[in-house]
Amino acid sequence: MDDELQRAIRQAAEKHALLNAVKYESAAEVSAVMGPLMSENPEFRSQGGKVSRVVSDVVEDVNSQTPTERRAHLEETAPEALAELEAESDEPTHTLPALPGDTSRVRMRAAPNPNGPWHIGHGRMPAVIGTYKDRYDGSFIVRFDDTDPETKRPDLDAYDAILDDINYLGFEPDDVIYASDRLETYYEHAREVIAAEGAYTCSCSGEHFSALKNNAEPCPHRQKSVTKTQEEFERMVAGEYTAGEMVLRIRTDINHKNPALRDWVGFRQIDTPHPRESASEYRCWPMLDFQSAIDDHLTGVTHIIRGIDLQDSAKRQEFLYDYLEWDYPEVVHWGHIQVDAYDIALSTSTIKQEIEAGRLNGWGDPRAPTIQSLRRRGIKGDAIVEAMNELGTSTNNVELSMSSIYANNRSQVDRDADRYFMIRDGTTFSLRDGPPHATPPLHPDADRGTRTIPVGDSVQIESADVPQEGERVWLKSLGCVRRTGDQLIPTGDELEVVQSGAVDVIHWVDTESAIPVEMHTPEGTVSGVAEPDFQQTSPDTVVQFERIGFARVDDHTEHSARPSVVYWTHS
């Protein structure tokens with residue numbers, strides 16, 4: 001590569017490295033520079049690895065500067081790029097489409113069934129609703145739709161766990177409502193619907209009514225008088241019927257082209273007591289379509305987001321709204337969400353079964369596709385919200401790539417995460433004539449200082465990094481060594497051997513001072529050792545193990561024989 005071409009590559013790489021560092025307020029990354037560099041300069045592509053080495057040098061130089069120096073340098077060398085970047089930051093951007101209808105007063109609700117803590121897919125609703133709340137200066141209701149004490153039996157621990165997850169995502173509900181506290185309200189409105197001749201009590205078996213409905217034939221109870229319906233409904237409320245003996249049906253159109261909309265069930269009897277003590281005496285429970293419809297109106301919900309599979313719910317509820325002379329809220333339907341990178345389905349019941357069978361160690365197990373798991377791994381709530389919003393509100397099914405969450409999170413944690421060495425599956429070599437200690441930087445930002453690693457008579461390196469006999473490697477922040485048998489012997493080579501690509505750079509730890517670490521990952525638990533300064537980190541902070549990835553510190557122990565525990569975040 002001639003000098004002129006090298007200067008051109010370096011100048012272009014410097015602009016993109018500075019842009020990357022200034023934009024994300026963190027260290028620049030080679031991968032983030034290579035893409036736009038090659039896109040703008042196709043003539044560089046033929047140089048391949050040579051360009052990469054130049055970019056690596058430039059990124060190292062940029063990362064040695066302070067944030068203030070980077071911005072000043074960018075303003076000096078590429079002022080138009082900095083101006084464009086600042087203009088972008090001044091303009092509000094909206095990933096989500098505008099809400100339909102009147103948005104002068106926006107009030108939305110997330111309505112979880114608290115039958116267990118949330119899996120990742122559940123996070124989409126509060127992420128989007130919370131974002132719309134901020135965008136329109138609206139309000140956000142959390143309503144626990146817990147009116148099924150049997151089939152989807154509420155988990156008493158899930159109520160607080162869900163509220164914790166919403167808070168972790170960065171939102172605070174304006175109101176929290178428990179549907180199981182509102183039975184008397186649902187009874188009151190059921191009586192209004194009965195009085196408007198919009199409902200009747202029915203004692204048909206489920207199979208018999210289904211056959212009638214599918215043939216567009218009216219139930220024999222459909223012409224029951226209002227007085228008789230009122231009497232039997234009060235007996236339902238009093239718990240005088242057993243499960244399956246009597247239901248209250250909402251009268252619709254028995255000839256409707258969609259059989260699912262014909263005279264749907266509004267209330268049924270359930271013998272199983274509700275787990276919440278305040279609701280344990282009730283036996284007459286509303287179906288979700290009835291309960292949700294009443295609550296949406298009474299709590300002032302203006303816009304509803306629900307799955308495309310629930311289109312029939314809106315149509316059923318519109319019959320109810322007609323009887324009560326209410327206006328139906330605006331509705332946005334969206335497709336299902338799937339998440340890659342997990343072997344376990346996005347299903348509360350499936351995750352619960354895995355935990356009960358001992359195949360998962362609770363809802364925070366890194367192998368579980370749960371919000372609690374991501375939180376324990378050190379994923380920021382904002383990173384999840386941003387990825388969820390990027391999916392939009394299309395009626396098409398969508399797949400959430402965990403890599404998008406990781407990329408969002410990396411831009412947040414990189415600037416704060418101190419660097420350390422950790423060795424997995426280590427191989428020990430004696431070290432001859434090494435210095436007494438090494439002082440690698442605590443972070444690419446030089447202002448953050450250094451850490452001290454003692455150097456004794458032997459070091460551990462990862463087995464995958466073991467050089468062949470006679471080969472050299474560069475022990476990061478220590479120097480170049482050559483393998484001779486089970487020894488590593490300093491060669492005295494300068495940094496040019498790394499810059500030329502002749503020698504690989506690897507990490508290491510001093511054998512005597514290393515501390516044991518146990519790292520829990522989505523693939524299982526990994527044991528290793530880390531440099532001694534790592535033990536000074538505080539639990540709940542995210543660090544970066546160089547050449548391995550980021551990890552959240554879960555717990556330290558004062559006894560060196562017991563490992564510190566970390567949870568892998570991402571690479």
Check for a donor-acceptor pair, side chain of [X] on one end and backbone N or O of [Y] on the other, with a separation under 3.5 Å.
X: Glu462; Y: Arg424; value: yes
X: Arg70; Y: Val22; value: no
X: Asn408; Y: Ser404; value: yes
X: Arg552; Y: Gly378; value: no
X: Lys352; Y: Asn115; value: yes
X: His122; Y: His119; value: yes
X: Glu531; Y: Met422; value: no
X: His443; Y: Asp414; value: yes
X: Arg432; Y: Ser430; value: no
X: Ser538; Y: Thr541; value: no

Requested in this report: Go through the steps for Val566 and Asp554 under the test side chain to side chain contact (heavy atoms under 4.5 Å, CB included), then give the verdict.
Outcome: CA-CA 5 Å; Val566 302; Asp554 195 71; 5.9 Å; no
Kindly indicate whether the side chain of [X], heavy atoms from C-beta on, has any atom under 4.5 Å from the side chain of [Y].
X: Val481; Y: Val473; answer: yes
X: Arg109; Y: Ile129; answer: no
X: Gln460; Y: Thr427; answer: no
X: Trp568; Y: Val526; answer: no
X: Ile177; Y: Val142; answer: no
X: Phe140; Y: Ile166; answer: yes
X: Gln338; Y: Asn397; answer: no
X: Pro112; Y: Ile162; answer: yes

Requested in this report: Report the C-alpha separation of Asp465 and Arg547 in whole Å, then their side-chain angles, then the decisive distance to 0.1 Å, and conclude whether the salt bridge (Lys or Arg N to Asp or Glu O under 4.0 Å) test is met.
Outcome: CA-CA 11 Å; Asp465 291 334; Arg547 301 181 68 233; 2.7 Å; yes
Query raised in the report: Which of parallel (below 30°), tilted (30 to 60°) and perpendicular (above 60°) describes Phe421 and Trp508?
Result: tilted
Should we count [atom1] of [X] as having more than 12 external heavy atoms under 6.0 Å?
X: Gln487; atom1: CD; result: yes
X: Glu494; atom1: CD; result: no
X: Asp343; atom1: CG; result: no
X: Lys380; atom1: NZ; result: no
X: Asp457; atom1: CG; result: no
X: Glu172; atom1: CD; result: no
X: Glu69; atom1: CD; result: yes

Report task. May I have the step-by-step check of side chain to side chain contact (heavy atoms under 4.5 Å, CB included) for His570 and Arg410, ending in yes or no? Result -> CA-CA 8 Å; His570 48 67; Arg410 190 178 299 111; 3.8 Å; yes
Report task. Walk me through it: do Leu96 and Arg135 pass the test side chain to side chain contact (heavy atoms under 4.5 Å, CB included)? Result -> CA-CA 10 Å; Leu96 295 169; Arg135 178 173 172 179; 4.2 Å; yes
Could you tell me whether [X] and [Y] have a side-chain N and a carboxylate O separated by less than 4.0 Å?
X: Glu471; Y: Arg483; answer: no
X: Asp145; Y: Arg143; answer: yes
X: Arg367; Y: Asp365; answer: yes

Query raised in the report: OG of Ser458 to CG of Leu488: how many Å apart, nearest 0.5 Å?
Result: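 So the OG of Ser458 and the CG of Leu488 are separated by 10.0 Å.
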Are side-chain N/O atoms of [X] and [Y] paired as donor and acceptor at under 3.5 Å?
X: Thr66; Y: Thr68; value: no
X: Thr131; Y: Asp134; value: no
X: Ser564; Y: His556; value: yes
X: Thr439; Y: Thr450; value: no

**Report entry** Candidate pair Val339 and Glu399, rule side chain to side chain contact (heavy atoms under 4.5 Å, CB included), full reasoning
**Finding:** CA-CA 6 Å; Val339 179; Glu399 181 171 271; over 6 Å; no
Query raised in the report: Should Glu40 and Lys15 be marked as a salt bridge (Lys or Arg N to Asp or Glu O under 4.0 Å) after you check the CA-CA gap, both sets of side-chain angles, and the distance that decides it?
Result: CA-CA 12 Å; Glu40 285 187 8; Lys15 181 187 81 169; 3.5 Å; yes
**Report entry** Pair Arg448-Asp418, salt bridge (Lys or Arg N to Asp or Glu O under 4.0 Å): steps then yes or no
**Finding:** CA-CA 9 Å; Arg448 297 271 288 276; Asp418 290 339; 2.7 Å; yes
Query raised in the report: Does Arg124 make a cation-pi contact with Trp334, if we ask for NZ or CZ under 6.0 Å from the ring centre and within 45° of the axis?
Result: yes
Query raised in the report: Under 6.0 Å between the ring centres of Phe534 and Phe545?
Result: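 Yes, ring centres under 6.0 Å apart.
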Query raised in the report: What do you reckon, are the aromatic ring centroids of Tyr159 and Tyr178 less than 6.0 Å apart?
Result: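 So the answer is yes for these two rings.
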Query raised in the report: Testing Val398, Thr95, Ile120 for side chain to side chain contact (heavy atoms under 4.5 Å, CB included) with Met388, which one passes?
Result: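 The single option meeting the side chain to side chain contact (heavy atoms under 4.5 Å, CB included) with Met388 is Ile120.
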Report task. Report the residue from Leu99, Ile141, Ile304 that forms a side chain to side chain contact (heavy atoms under 4.5 Å, CB included) with Met108. Result ->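 Exactly one option meets the side chain to side chain contact (heavy atoms under 4.5 Å, CB included) with Met108, and it is Leu99.
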Query raised in the report: Under the salt bridge (Lys or Arg N to Asp or Glu O under 4.0 Å) criterion, do Glu546 and Arg451 qualify, and how do the steps go?
Result: CA-CA 13 Å; Glu546 298 196 41; Arg451 59 199 201 264; 3.0 Å; yes
